[in-house]
Structure formats: C-alpha cells, structure tokens
Amino acid sequence: MTQQARSGASDRTPEDMPTSFGFTKVAEGSKQALVDDVFHKVADRYDLMNDMMSGGMHRVWKDAMVSFLAPPRTDKSGWQLLDVAGGTGDIATRVVNRSAETVSAVVCDINESMLGVGRDRAAKAGLSRLITFSQGNAEDLPFPDKSFDAYTIAFGIRNVPDIPKALKEAQRVLKRGGRFLCLEFSEVDVPLLDKVYDTFSFKAIPVMGKWVTGDGDPYQYLVESIRKFPSQERFAEMVREAGFERVTYRNYSGGIAALHSGWKF
C-alpha cells in the first residue's frame, strides 16, 4: 500500500474510489474487507461516531431526509423501503415512525455486526414486524428487479468500492416511479467553514475516537473517506449516469453534508 499526505486536499476523483481506503491506495479488490473491519470495530458506537463527525447534526439531517422522502401514511399503500448500508436501522426506524407504522422497510448491509445492532434496536422498539434485516452487498443486491418504492442510503455510499455499480443496482431494484435518496458527507462550499471543518476533522475526530474507543484508526479512515468522495455536482452526474431522472441535491450546513435525490421513470 502507498500512503498519500494526510491533509484536507483531495482530487475527489470517482475513478480512484475502488482503490482508495481513505488517502491510502490499496490493491484492487481489497477495499471491501478493510471497510468491513472498520465497521466491525465501530458498530456498537456507530451513533457516537456520527455525533463526533457531524457535531450531532447527523440527527437533524436524517430527519430532514425522511421529511423529504415523505413516506405515505396509509396502511393500504403496500409501500416498502430499502435502506442500504443502514445496518443499525436508523433511517428505516425514522421512516416507519414517520408513516405511523403503515409502511415496511428492509435494511440491507454487508456488515453483520451493524445488522446485529439494528436487529436489537428494532426488537426493543417493537418494530421487528415492520423492519427486516438482510446481509448483502450494495454492488450486488439480493433482491429482484422492481421490488421497492424507495431506496435510501445515509453516510454509506462513500464506503462502497464500486459506486457506479451500486447506483445501477439501486436503479434496478426500484419500481417505476421509485425514489432514490442518498445522504452523504460532502464538499463544504462556505469560505472559512471549510478550513475550520478540515482542522476539526483531521485534528480532533481521530483523537476523540481513540479516547472513546481506544482506537483512532477507524476514525482517521472515515475522515479521509469524506475527502475522497466526489463533489456534489460530480456525484449528481453519477446518479444521472445510472439512469435516474430529475436528479437534484441540497446542501446541509454549508455542504458538510448533501442530500441527493433521483427518480426512476
């Protein structure tokens, strides 16, 4: 493996993502195992991880994402969500609750440790009948064509080695008229805020991660992975290239995060 300089600068080239483990270049095909190891380590503290990386704002952004999705509130709809890379069930729980428990959700995640946390939370919340959990790869989803009314992925797509392949899979499993929503850390577009956020990310987050969990390396990777993820405009272009229409995005907190939307027609 070769190591690039650790700084906020990044070319954000999508073509580099399959061999970019943060700022470290890795062999083709080896990224997924490294990412899996990160999430095995942080599964029990996943919400705390997002709190540290977003200053707690991820909860507000996720609520906004679900509001934008606007799931139906009728038990006659038969409406079903697929939440990918959402092992803890965070988004699925919000969607089911927002619908007054009239819709169902399938959570698909490649990491069994994350899924274990999600199953426990759904059971404690009394939602196991409405939220099911399935182990699977975003690049090769274990579901038939045209199965879901909506596909969501929050803070997960940047960890997928082959993002274009995952986007095509999202398009495949959606019904006609289905909605794609992706919430992800993105490129800050406010002067000075970008420098403040970079300093906080690279100097504080790995240190806090080590203090809380005893291991700062997973947090170092997660910070670096944000800087390697494509810009808002480039990612929107990738969503269009996957076959989605009416593609838009909206920035949250000056671009620290962005919510991308697309439709399958």
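No hydrogens, no waters, no symmetry mates; every other heavy atom, side chains included, goes into these values.
- Val196 and Ile205 fall into different hydrophobic clusters, defined by Ile, Leu, Val, Met, Phe, Trp and Tyr side-chain heavy atoms under 4.5 Å apart, directly or through other members.
- Using cut-offs of 30° and 60° for the angle between ring planes, the Phe155 and His58 rings count as perpendicular.
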>> If you apply the rule side chain to side chain donor-acceptor pair (under 3.5 Å), what do you find for Thr93 with Arg121, and how did you get there?
In response: CA-CA 9 Å; Thr93 299; Arg121 289 184 179 181; over 6 Å; no
> What's the verdict on side-chain contact (heavy atoms from CB on, under 4.5 Å) for Asp198 and Arg227, showing C-alpha distance, side-chain angles and the deciding distance?
Replying inline: CA-CA 9 Å; Asp198 270 350; Arg227 301 319 188 277; 2.7 Å; yes
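- Between Ala170 and Leu141 the shortest heavy-atom distance is N-CD1, 4.5 Å.
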>> Could you go through Arg234 and Glu237, starting from their C-alpha distance and side-chain angles, then the distance that decides it, and tell me whether this counts as salt bridge (Lys or Arg N to Asp or Glu O under 4.0 Å)?
In response: CA-CA 5 Å; Arg234 181 65 187 97; Glu237 182 181 345; 3.7 Å; yes
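- To the nearest 0.5 Å, atoms CG (Leu81) and CD1 (Ile131) are separated by 9.0 Å.
- Within the 3.5 Å criterion, the main-chain N or O of Leu174 finds a donor-acceptor partner in the side chain of Lys264.
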>> Please evaluate residues Ser104 and Trp79 with respect to the criterion side-chain contact (heavy atoms from CB on, under 4.5 Å), reporting the C-alpha separation (whole Å), side-chain torsions for both, the decisive distance (0.1 Å), and the verdict.
In response: CA-CA 7 Å; Ser104 62; Trp79 192 94; over 6 Å; no
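- With rounding to the nearest 0.5 angstrom, the CG atom of Leu82 is 8.5 Å from the OG atom of Ser147.
- Taking the ring centroids of Phe229 and Phe185, they lie at or beyond the 6.0 Å cut-off.
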>> The test is side chain to side chain donor-acceptor pair (under 3.5 Å); show your working for Asn251 and Gln232 and say whether it passes.
In response: CA-CA 8 Å; Asn251 283 338; Gln232 290 90 323; 3.0 Å; yes
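- In terms of hydrophobic clustering, with Ile, Leu, Val, Met, Phe, Trp and Tyr side chains grouped at heavy-atom distances under 4.5 Å, Met57 and Ile91 are assigned to a common cluster.
- When every heavy atom of Pro72 is checked against every heavy atom of Val103, the shortest pair comes out as O-CG1, 3.6 Å.
- Placement of Leu69 and Leu259 within a single hydrophobic cluster is found when ILVMFWY residues are connected by side-chain heavy-atom separations under 4.5 Å, directly or transitively.
- Once rounded to the nearest 0.5 Å, the distance linking CD of Glu224 with CG of Leu222 reads 9.5 Å.
- Clustering ILVMFWY residues whenever any of their side-chain heavy atoms sit less than 4.5 angstrom apart, transitively, puts Val84 in the very cluster that holds Val247.
- Separating the CH2 atom in Trp263 from the CD atom in Glu245 is a distance of 12.0 Å, to the nearest 0.5 Å.
- Checking side-chain atoms of Ser99 against main-chain N and O of Thr102 turns up a donor-acceptor pair under 3.5 Å.
- Proximity of a side-chain donor or acceptor of Arg176 to a complementary backbone N or O of Phe265 within less than 3.5 Å is detected.
- Val207 and Phe202 are not part of a single hydrophobic cluster, where members link through side-chain heavy atoms under 4.5 Å apart.
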> Does the pair Leu167 and Phe180 meet the rule for a side-chain contact (heavy atoms from CB on, under 4.5 Å), with working shown?
Replying inline: CA-CA 9 Å; Leu167 291 173; Phe180 168 85; 3.6 Å; yes
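- Looking at Arg94 and Asp90, a side-chain N of the basic residue comes within less than 4.0 Å of a carboxylate O on the acidic one, giving a salt bridge.
- Counted by atom type alone, Ser67 and Arg98 present one or more donor-acceptor pairs between their side chains at under 3.5 Å.
- For the pair Leu115 and Gln135, the minimum side-chain heavy-atom distance is below 4.5 Å.
- Of the possible donor and acceptor atoms, none in the side chain of Glu139 sits under 3.5 Å from a partner among the backbone N and O of Ala166.
- Minimum interatomic distance between Ser113 and Asn111 (heavy atoms only, all atoms of both residues): N-OD1, 3.0 Å.
- Counting all heavy atoms, side chain and backbone alike, Gly262 lies closest to Phe244 at C-CD2, 4.1 Å.
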> Stepwise, does the salt bridge (Lys or Arg N to Asp or Glu O under 4.0 Å) test hold for Arg179 with Asp149?
Replying inline: CA-CA 7 Å; Arg179 184 86 175 276; Asp149 298 280; over 6 Å; no
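- Using a distance-only test at 3.5 Å, with no hydrogens or angles considered, no donor-acceptor pair links the side chain of Arg246 to the main chain of Ser261.
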>> Pair Glu101, Leu127 - check side-chain contact (heavy atoms from CB on, under 4.5 Å), show working.
In response: CA-CA 8 Å; Glu101 299 188 10; Leu127 295 176; 3.6 Å; yes
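- Residues Gln171 and Tyr151 have side chains that never bring a donor and an acceptor to within less than 3.5 angstrom of each other.
- With hydrogens and angles disregarded, no donor-acceptor distance shorter than 3.5 Å links the side chain of Asp145 to the backbone of Val173.
- Considering every non-hydrogen atom in both Met238 and Pro230, the closest pair reads SD-CG, 3.9 Å.
- Atom CZ of residue Arg250 and atom OH of residue Tyr252 lie 5.0 Å apart, to the nearest 0.5 angstrom.
- Side-chain contact between Pro142 and Cys108 is present, with heavy atoms from C-beta onward closer than 4.5 Å.
- Taking all atoms of both residues into account, the shortest heavy-atom contact from Ala257 to Leu183 is CB-CD1, 4.4 Å.
- Side chain of Arg129 to backbone of Gly126: a donor-acceptor contact under 3.5 angstrom is found.
- Distance check: Ile256 CD1 to Glu187 CD gives 12.5 Å after rounding to the nearest 0.5 Å.
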